[in-house]
Structures are given as C-alpha cells and as structure tokens.
Amino acid sequence: MSDEKKSSVVLVEEQSFVPNHIAIIMDGNGRWAKEHSLPRMMGHQRGVKVVREVVKWCNENNILYLSLFAFSTENWGRPKSEVSHLMTLFLRSLKKEAKDLIEKGVKLRVIGNRSRLPKNLVEHICIVEEQTKNNNKLTLIICADYGGHWDIYNAAKQSIKVLQEKKLAVEDYSEEMFAQHLQASDIPPPDLLIRTGGEKRISNFYLWQLAYTELYFCDTYWPVFSQNDFNEILESYKKRVRRFGKLDSSK
Ligand code: FPP
C-alpha cells in the first residue's frame with residue numbers, strides 16, 4: 001500500500017488473540033435430555049455442571065468477562081413447572097457455588113429485569129454480588145430475565161428521563177448518554193459469542209453489544225459442551241481477523 005493510501009485510512013489496532021469477554025447462549029438442554037429419555041429439567045441440571053466447568057476454563061485462560069444467557073424475557077412463556085424449576089436451580093446454584101466463586105476470585109454480576117424474579121432469588125443475588133464485589137479475576141455476568149429489546153428500551157427510557165430532568169434539547173442527546181444506561185454499560189462488549197445446540201441465531205441476547213462480536217455456532221448440546229469444544233473455539237477465534245469496519249493493518 002502506498003504511503004499516501006496508508007495515511008488516508010484508519011488501520012485496525014493490534015488484536016488480542018484471547019477474547020477479553022466471552023458471551024454464551026447455552027442451548028440444547030431440552031434436546032439433550034429428550035435424546036436420553038430424561039425430563040427436560042435433567043438437561044438444565046447437567047447444564048449447571050457445565051457452567052461450573054466453563055468458569056474454570058475461562059479463569060485458566062485469563063478471560064476477564066463471561067456472560068451467560070441463563071433466562072430470557074421470552075422464557076417466561078415456557079410451562080410454569082419449567083420456569084419454576086429453572087428459578088429454583090438458579091437459587092440452589094447460587095447458594096452452593098458462592099464459596100467457590102469467592103475462593104476463585106470470581107466477581108458475580110446479574111443483569112436483567114429483577115422485578116419479575118422470585119424475591120428470595122433476588123435477595124441471594126444481592127448477597128453473592130456483595131460477597132464477590134472485590135474479586136478481580138473473572139467477572140461472571142448471569143443474564144436472567146434479560147432481553148436485548150428490553151435492555152435497549154429501558155436504556156432509552158432512563159436516558160430520556162435524564163434529558164428531561166436536565167432540560168436538554170434533543171440535539172444534546174448523544175449515543176454515549178444512551179449507552180451508559182444499558183445493563184452492562186461498564187463492561188466491554190463481547191469479543192466472542194458462542195451458541196451451542198446447533199441453532200444459528202442471536203435470540204434477543206445482547207443486541208446492542210454484539211455489533212462487532214465474532215460469532216461461533218457449535219452443534220454440541222450445552223450439557224455435553226466439553227473443554228475440547230471450548231479450546232477449539234478459542235483456536236478458531238485466534239484465526240479471525242477483526243476489522244471493526246476498518247482495514248486490515250497487515251494488508
Ligand atoms: C436453553 O436450552 C437453556 C435455557 C433456557 C436455560 C439455561 C440454564 C441453565 C444452563 C441452567 C441455569 C444456569 C445458571 C447460570 C445457574 P433449551 O431448554 O432451550 O434447550 P432445547 O433448545 O434443546 O429445548
């Protein structure tokens with residue numbers, strides 16, 4: 001490339017080979033259970049065991065943020081018994097895993113609409129968030145009653161309120177003013193999104209945050225997602241060239 005051309009374009013900065021932030025849509029619990037003639041909940045229960053493993057693999061690989069899509073705003077439409085079992089599973093896991101999270105230096109953050117979650121679950125979320133708030137290895141972000149539409153709508157409402165309170169004009173409204181009201185506004189956007197279970201869609205997860213995220217769709221059902229799958233995905237991520245709409249600096 002000529003010097004003249006080089007100076008007229010913005011080149012992509014040196015890219016890190018390890019993702020800072022991994023987001024996961026943990027799909028396939030129900031299908032795994034069905035294939036093993038087990039009730040759906042057994043799939044979710046095995047899924048929790050995989051969550052524990054993935055936290056360990058992320059810590060071992062110095063990944064700083066792990067977001068897990070545990071319950072979407074649409075999941076309320078599932079049978080009552082499944083919803084209730086998922087909430088119980090979440091509460092039980094929090095109680096059981098808190099000590100381990102503290103010891104392993106994991107900071108817990110739960111994002112989503114807490115107003116519809118069971119009261120005792122919200123109480124425990126607050127307790128574990130408080131107990132782990134000074135941890136500085138991995139930040140584990142559990143997305144519970146979370147939806148990308150809800151997040152964006154909520155941020156729009158909150159930011160417009162501020163605009164009105166400060167008596168600012170629409171012209172003063174900036175993208176930053178909006179984005180600082182998103183749920184994970186203090187967390188860098190995911191570098192890598194993994195969806196297990198073979199489906200190839202985003203399903204109303206981090207819609208704003210995924211703008212330049214690398215996507216990886218893997219056929220393995222979540223309850224049998226293995227360290228090999230995880231390592232393979234990290235290897236594949238290393239080969240991705242991230243341009244963020246700019247030009248590749250090596251060309
Ligand atoms: C999608 O599989 C999975 C969920 C809706 C729930 C995910 C929850 C867990 C893994 C357990 C709870 C997590 C924590 C963090 C405690 P699906 O039921 O849609 O599977 P299917 O597509 O095969 O039916």
Side-chain angles (χ1 to χ4, degrees), residues 22-59 65-101 104 106-114 116-118 120-129 132 138-148 150 183-184 190 193-206 217-226 229-230:
I22 297 182
I24 308 184
I25 301 177
M26 309 174 285
D27 198 16
N29 295 352
R31 278 166 289 159
W32 176 85
K34 194 170 177 206
E35 283 182 15
H36 290 80
S37 309
L38 293 167
R40 288 180 60 79
M41 280 321 300
M42 291 304 290
H44 297 316
Q45 272 174 41
R46 270 200 75 131
V48 173
K49 288 192 180 155
V50 180
V51 167
R52 194 181 306 134
E53 292 293 290
V54 173
V55 167
K56 193 172 104 205
W57 305 333
C58 283
N59 252 341
Y65 303 94
L66 171 66
S67 287
L68 299 177
F69 202 11
F71 193 87
S72 76
T73 47
E74 288 71 32
N75 286 154
W76 292 109
R78 293 192 176 201
K80 245 186 169 169
S81 56
E82 183 167 343
V83 170
S84 143
H85 201 120
L86 279 167
M87 296 299 159
T88 307
L89 199 56
F90 191 8
L91 178 61
R92 207 188 299 153
S93 310
L94 270 179
K95 289 183 178 171
K96 200 165 155 220
E97 302 300 330
K99 192 166 164 268
D100 211 41
L101 293 178
K104 295 211 163 83
V106 177
K107 182 196 284 191
L108 179 79
R109 276 277 299 274
V110 176
I111 65 165
N113 181 0
R114 291 188 185 192
R116 299 194 291 189
L117 297 176
N120 57 347
L121 174 58
V122 176
E123 279 165 12
H124 252 84
I125 288 172
C126 295
I127 292 172
V128 182
E129 281 183 329
T132 61
L138 175 74
T139 299
L140 171 63
I141 305 127
I142 304 285
C143 308
D145 197 5
Y146 178 85
W150 170 81
Q183 289 284 294
L193 170 81
I194 302 169
R195 182 181 184 133
T196 62
E199 311 281 9
K200 294 175 180 63
R201 52 178 173 257
I202 305 299
S203 297
N204 197 17
F205 194 17
Y206 282 150
F217 298 100
C218 139
D219 288 333
T220 313
Y221 292 145
W222 181 250
V224 282
F225 185 72
S226 68
D229 293 317
F230 185 75

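Just so we're clear, the structure is a prediction, and the values are computed from it rather than from any experiment. Below, all heavy atoms of this structure are taken into account, side chains as well, without hydrogens, waters or symmetry copies. Order of appearance sets the numbers: ligands from 1, and atoms from 1 within every ligand.
- When hydrogens are left out, the protein atom nearest atom 11 (C) of ligand 1 is V48 CG2, 3.6 Å; that is the closest non-hydrogen contact.
- Ring centers of Y206 and Y146: under 6.0 Å apart, within the cut-off.
- For atom 10 (C) of ligand 1, the closest heavy atom belonging to the protein is N29 ND2, 3.5 Å.
- At a threshold of 4.0 Å, the pair E97-R52 counts as salt-bridged, since one of the basic side-chain nitrogens sits closer than that to a carboxylate oxygen.
- The shortest heavy-atom distance from I142 to ligand 1 is under 4.0 Å.
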Anything under 3.5 Å between a donor and an acceptor, one on a side chain of residues 31-39, the other on a protein residue two or more places apart or in another chain? List them.
{"residue": "R31", "atom": "NH1", "partner": "G197", "partner atom": "O", "Å": "2.7"}
{"residue": "R31", "atom": "NH2", "partner": "D27", "partner atom": "OD2", "Å": "3.2"}
{"residue": "R31", "atom": "NH2", "partner": "G197", "partner atom": "O", "Å": "3.4"}
{"residue": "E35", "atom": "OE2", "partner": "Y221", "partner atom": "OH", "Å": "3.0"}
{"residue": "H36", "atom": "ND1", "partner": "W32", "partner atom": "O", "Å": "2.8"}

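- Protein heavy atom in closest approach to atom 4 (C) of ligand 1: H44 CE1, 3.9 Å.
- Taking the salt bridge (Lys or Arg N to Asp or Glu O under 4.0 Å) definition, one finds that K104 meets it with D100, sequence neighbours left out.
- Checked by distance only, ligand 1 and S93 stay at 3.5 Å or farther apart across all their nitrogen or oxygen atoms.
- Of the heavy atoms in R78, only side-chain atoms (C-beta onward) come closer than 4.0 Å to ligand 1.
- In this model, no donor atom of one side chain and acceptor atom of the other lie less than 3.5 Å apart for N204 and W150.
- Ligand 1 lies less than 4.0 angstrom from a heavy atom belonging to R40.
- Taking every heavy atom of D27 and a limit of under 4.0 angstrom, the matching atoms of ligand 1 come to 1 (C), 2 (O), 17 (P), 19 (O), 20 (O), 21 (P), 22 (O).
- When every heavy atom of N29 is checked against every heavy atom of H44, the shortest pair comes out as ND2-ND1, 2.9 Å.
- Those atoms of ligand 1 that come under 4.0 Å of a heavy atom in A70, given as number and element, are 6 (C), 7 (C), 8 (C).
- No side-chain heavy atom of V106 sits under 4.5 Å from any side-chain heavy atom of T132.
- Side-chain atoms of S203 and R195 form a donor-acceptor pair, as typed in the model, at a separation below 3.5 Å.
- Remark: minimum distance from atom 1 (C) of ligand 1 to any protein heavy atom is reached at M26 O, 3.2 Å.
- The atoms of ligand 1 that sit less than 4.0 Å from any heavy atom of N75 are 5 (C).
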